[in-house]
Amino acid sequence: MEHSPVTTNPLIIMMINMTVVFIVLVALIYLIKLIHFLDPTKEPAKPHTPEEEEPLVAVKSEPVAAPPPVIEEGIKPEIIAAITAAISAYGFSGRVKAVHIVNHEGTPWKASAKFNNLQRK
């Protein structure tokens with residue numbers, strides 16, 4: 001007795017497989033809902049009593065001044081500029097008043113630019 005496939009049409013095989021998968025998924029959904037319904041570790045719901053709640057009242061508060069930014073000694077201005085640029089690139093707006101480059105002759109960026117320009121020629 002030989003076994004032969006019922007069909008060789010790939011579309012029918014796909015539809016049968018998809019139907020089986022979706023039936024299993026729906027069964028899993030209902031199984032999960034049943035487990036949540038019968039969960040023995042769930043705490044019982046406390047009845048809501050309106051007497052326990054305090055009424056919402058608008059309270060006028062005085063504005064609090066923002067503390068001045070703390071800048072540690074020894075942080076290079078280039079690092080502060082890089083952090084500021086990264087924050088503004090992320091989407092926060094602000095205003096940079098001044099950035100001063102200290103020792104601009106000996107920065108690694110300038111040395112790299114000189115090195116790259118010499119290699120191109």
* Structure fact -> Taking every heavy atom of Ile13 against every heavy atom of Thr7, the minimum-distance pair comes out as CD1-O, 4.0 Å
* Structure fact -> Rounded to the nearest 0.5 Å, the CG atom of Leu31 sits from the NE2 atom of His36 at a distance of 10.0 Å
* Lys33 and Phe37, any side-chain heavy atoms less than 4.5 Å apart -> no
* Asked: Should we count CE of Met14 as having more than 12 external heavy atoms under 6.0 Å?
  -> yes
* **Linked, directly or transitively: Met18 and Leu11 (ILVMFWY side chains, under 4.5 Å)** => yes
* Asked: Is it true that Ile32 and Val21 fall in one hydrophobic cluster, defined by side-chain heavy atoms closer than 4.5 Å?
  -> no
* To do: Indicate, with yes or no, if Met15 and Phe22 share a hydrophobic cluster defined by side-chain heavy-atom contacts under 4.5 Å among Ile, Leu, Val, Met, Phe, Trp and Tyr.
  => yes
